[in-house]
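Working notes, beginning with the structure itself.
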Amino acid sequence: MAVFSLGGTIASTNARGTDGVTPRLGAEELLAGVPGLDDFAKLEPVAFRRTASGDLTFDDLAALAAEIGARFEAGAAGAVVVQGTDTIEETSFVLDLLVSAPNPVVVTGAMRNPTLAGPDGPANLRAAVRVAASSEARGLGALVVLNDEVHAARFVAKTHTSSPAAFRSAPAGPVGWLVEDRLRFAVRTERLPGVPLPAGPVPPVALLTMSLGEGDRLIGQVGALGYAGLVVESFGGGHVPSWTVPALERLAATIPVVLASRTGGGDILQATYGFPGSERELIARGLIPAGFLNGPKARILLSLLLANGAGIDEVRTVFADI
């Protein structure tokens with residue numbers, strides 16, 4: 001099993017006399033700090049990146065997905081990715097879409113760095129290796145394991161700035177959990193349609209969250225700034241201020257505009273409300289409902305589709321199955 005380290009809190013320490021922690025530890029050092037991992041699998045540490053997770057890019061993750069695929073073809077039974085928690089909900093979803101093999105891919109990290117009392121990194125790493133080594137995890141897509149809970153990448157989100165129990169999955173909840181190194185799955189998710197590795201650069205996609213009194217000035221600038229797509233995080237089940245609808249309609253005629261919700265849980269409605277700015281009006285004017293995907297995950301999927309040359313109609317077809 002390959003264990004890839006990308007940096008993040010779990011790998012962060014500070015040098016004597018310096019302020020703040022930074023990513024310094026690699027995969028080999030992280031594995032050495034957790035006893036008993038060899039009981040689950042033979043592990044191969046790979047120091048892939050050493051950075052804060054906010055600095056990871058699509059290029060980094062496409063390279064990681066390709067390397068994971070190559071390790072699987074060479075016989076690795078599973079893979080663990082260790083990184084910062086700030087973008088785990090996004091990076092795990094990228095891997096969910098790009099890694100087509102049924103072998104388990106498990107992403108983990110830590111909320112408390114190694115210099116603090118009670119760091120959670122070693123326990124999370126042990127749990128992640130345990131899940132990745134399990135045949136029960138095959139075929140479930142990318143998983144996120146923290147705090148002895150197993151989450152599907154498509155649902156998981158970071159919901160707290162500092163709590164070890166920061167990760168939640170709406171609306172499904174964890175798909176499994178661990179107790180005494182025993183793994184239990186309560187839910188088995190079907191694989192989402194995959195996306196090929198990007199054939200070229202990933203085009204920029206904007207993410208705009210609607211808020212009270214929001215105007216249409218930013219919408220009008222999306223195309224002018226060179227964005228290839230837009231995801232709108234709407235109110236509730238798919239609603240925006242009525243005065244923004246004309247600008248969204250004009251933009252949706254030129255680039256894909258996907259309609260998600262800022263609530264963080266639940267499907268976008270499609271046929272309930274009929275007031276100006278409602279989901280029915282927006283869909284009729286060309287916006288594409290995101291299904292159950294939140295804004296960041298809808299942006300991930302749209303970005304990867306556009307990187308593979310998808311047009312508006314193909315984007316609409318893929319999102320229709322979400």
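Values in this document were obtained by computation on a predicted structure and should not be read as measured data.
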- From CG (L146) to CE (M111), nearest 0.5 Å: 8.5 Å
- Message: Main chain of V205, side chain of R299: is a donor-acceptor contact present, judged purely on distance under 3.5 Å?
- Response: yes
- Task: Please determine if R71 and E44 form a salt bridge, counting it only when a charged side-chain N lies under 4.0 Å from a carboxylate O.
- Result: yes
- Task: Compare every heavy atom of V195 with every heavy atom of L98, then report the nearest pair and how far apart it is.
- Result: CD2-O, 3.4 Å
- Take I10 and N113 through the side chain to side chain contact (heavy atoms under 4.5 Å, CB included) test and state the conclusion after the steps. CA-CA 5 Å; I10 192 170; N113 69 73; over 6 Å; no
- Message: Run V3 and V46 through side chain to side chain contact (heavy atoms under 4.5 Å, CB included) and show every step you take.
- Response: CA-CA 6 Å; V3 179; V46 182; over 6 Å; no
- Can T91 and Q83 be counted as having a side-chain donor-acceptor contact under 3.5 angstrom? yes
- Message: Suppose we screen for salt bridge (charged side-chain N to carboxylate O under 4.0 Å, His left out). Which residues come up paired with E28, at least two apart in sequence or across chains?
- Response: none
- Query: Among the clusters formed by ILVMFWY side chains lying less than 4.5 Å apart, do V187 and F292 turn up in the same one?
  - Reply: no
- Main-chain N/O of A76 paired to N103 side chain as donor or acceptor, under 3.5 Å: yes
- Could you tell me which non-hydrogen atom of I312 sits nearest to which non-hydrogen atom of I288, and how far apart they are? O-CD1, 4.2 Å
- Task: Flag the pair R126 and D181 as a salt bridge only when some basic side-chain nitrogen lies within less than 4.0 angstrom of an acidic carboxylate oxygen.
- Result: yes
- Item | ILVMFWY clustering at 4.5 Å (side-chain atoms), partners of V179 | none
- Here the pair of heavy atoms bringing F58 nearest to S303 is CZ-CB, 3.7 Å
- Query: Counting distance only, does the side-chain N/O of R217 pair as donor-acceptor with the main-chain N or O of E214 below 3.5 Å?
  - Reply: no
- Query: Taking S163 for the side chain and H160 for the main chain, is one N or O donor matched with an acceptor at less than 3.5 Å?
  - Reply: no
- Quick one: does P45's side chain get under 4.5 Å of F4's, heavy atoms only? no
- Item | Linked, directly or transitively: L30 and V105 (ILVMFWY side chains, under 4.5 Å) | no
- Query: Is a side-chain donor-acceptor pair under 3.5 Å present for D59 with T57?
  - Reply: no
- In this structure, CG of D55 is separated from CG of L6 (nearest 0.5 Å) by 11.5 Å
- Task: Decide whether L293 and V231 are clustered together by the hydrophobic rule: side chain heavy atoms of Ile, Leu, Val, Met, Phe, Trp, Tyr closer than 4.5 Å, transitively.
- Result: yes
- Message: Which residue in the set L306, I300, L302 passes side chain to side chain contact (heavy atoms under 4.5 Å, CB included) when paired with L304?
- Response: I300
- Looking only at heavy atoms, what is the nearest atom pair of L178 and A127, with distance? CD1-CB, 3.9 Å
- Item | L116 side chain reached by P119 side chain, heavy atoms, under 4.5 Å | no
- Item | From CD (Q270) to OG1 (T272), nearest 0.5 Å | 9.5 Å
- Note on the structure: Those residues at least two apart in sequence (or on a different chain) that pass side chain to side chain donor-acceptor pair (under 3.5 Å) with E90 are none
- Check the pair V107, L143 against side chain to side chain contact (heavy atoms under 4.5 Å, CB included), reporting the backbone distance first and the verdict last. CA-CA 6 Å; V107 188; L143 301 170; over 6 Å; no
- Task: Might you confirm whether atom CZ of R188 has over 12 heavy atoms from other residues, nucleotides or ligands at distances under 6.0 Å?
- Result: yes
- Query: Is there a side-chain contact between V99 and F72 (heavy atoms, below 4.5 Å)?
  - Reply: yes
- Query: How about Y227: does its OH atom have over 12 heavy atoms from other parts shown lying under 6.0 Å from it?
  - Reply: no
- Residue pairs involving residues 167-202 (criterion ring pair (Phe, Tyr, Trp, His ring centres under 6.0 Å); sequence neighbours excluded): none
- Can you find a pair of side-chain heavy atoms, one from E233 and one from L208, that are under 4.5 Å apart? no
- Item | Carboxylate-amine/guanidinium proximity below 4.0 Å for R285 and E249 | yes
Less than 3.5 Å apart, which donor and acceptor atoms pair up between the side chains of residues 147-156 and the rest of the protein, not counting sequence neighbours?
{"residue": "E149", "atom": "OE1", "partner": "H151", "partner atom": "NE2", "Å": "3.2"}
{"residue": "H151", "atom": "ND1", "partner": "S169", "partner atom": "OG", "Å": "2.7"}
{"residue": "R154", "atom": "NH1", "partner": "E190", "partner atom": "O", "Å": "2.7"}
{"residue": "R154", "atom": "NH2", "partner": "E190", "partner atom": "O", "Å": "2.7"}

- Judged by atom type as modelled, is there a donor-acceptor pair below 3.5 Å linking the side chain of T317 to the main-chain atoms of D313? yes
- With sequence neighbours left out, write down each residue that passes side chain to side chain contact (heavy atoms under 4.5 Å, CB included) with L287, or none if nothing qualifies. L248, A252, V257, L259, L282
- Item | Check: K297 side chain, F93 main-chain N or O, donor-acceptor pair, under 3.5 Å | no
- Between A142 and S92, which heavy-atom pair has the shortest distance, and what is it? CB-O, 3.4 Å
- Message: Which heavy atom of V80 sits nearest to which heavy atom of A132, and what is that distance?
- Response: CG2-CB, 3.7 Å
- Message: Using side-chain heavy atoms (C-beta onward) and a distance below 4.5 Å, is L25 in contact with S5?
- Response: no
- Student check: side-chain heavy atoms of L95 and L64 closer than 4.5 Å: yes
- Task: Please check if the side chain of T108 supplies one atom and the backbone of V145 the other of a donor-acceptor pair under 3.5 Å.
- Result: yes
- How long is the gap from CG on N294 to OG on S261, to the nearest 0.5 Å? 9.0 Å
- Stepwise side chain to side chain contact (heavy atoms under 4.5 Å, CB included) check, T115 with N14: CA-CA 8 Å; T115 70; N14 55 1; 4.0 Å; yes
- Is it true that atom CZ of R182 has more than 12 heavy atoms of other residues, nucleotides or ligands lying nearer than 6.0 Å? yes
- Message: Do V34 and V129 sit in one hydrophobic cluster, given that two such residues count as connected whenever their side-chain heavy atoms are within less than 4.5 Å of each other, even indirectly?
- Response: yes
- Query: Would you say P289 and L269 make side-chain contact, with heavy atoms under 4.5 Å?
  - Reply: no
- Do I283 and V240 share a hydrophobic cluster, counting only Ile, Leu, Val, Met, Phe, Trp and Tyr and linking them when any side-chain heavy atoms are less than 4.5 Å apart? no
- Task: Find out whether V232 and V258 are in side-chain contact, i.e. whether some heavy atom of one side chain is under 4.5 Å from a heavy atom of the other.
- Result: no
- Message: Distance check, rounded to the nearest 0.5 Å: E281 atom CD versus Y273 atom OH?
- Response: 15.5 Å
- How long is the gap from OG on S100 to CD1 on I68, to the nearest 0.5 Å? 11.5 Å
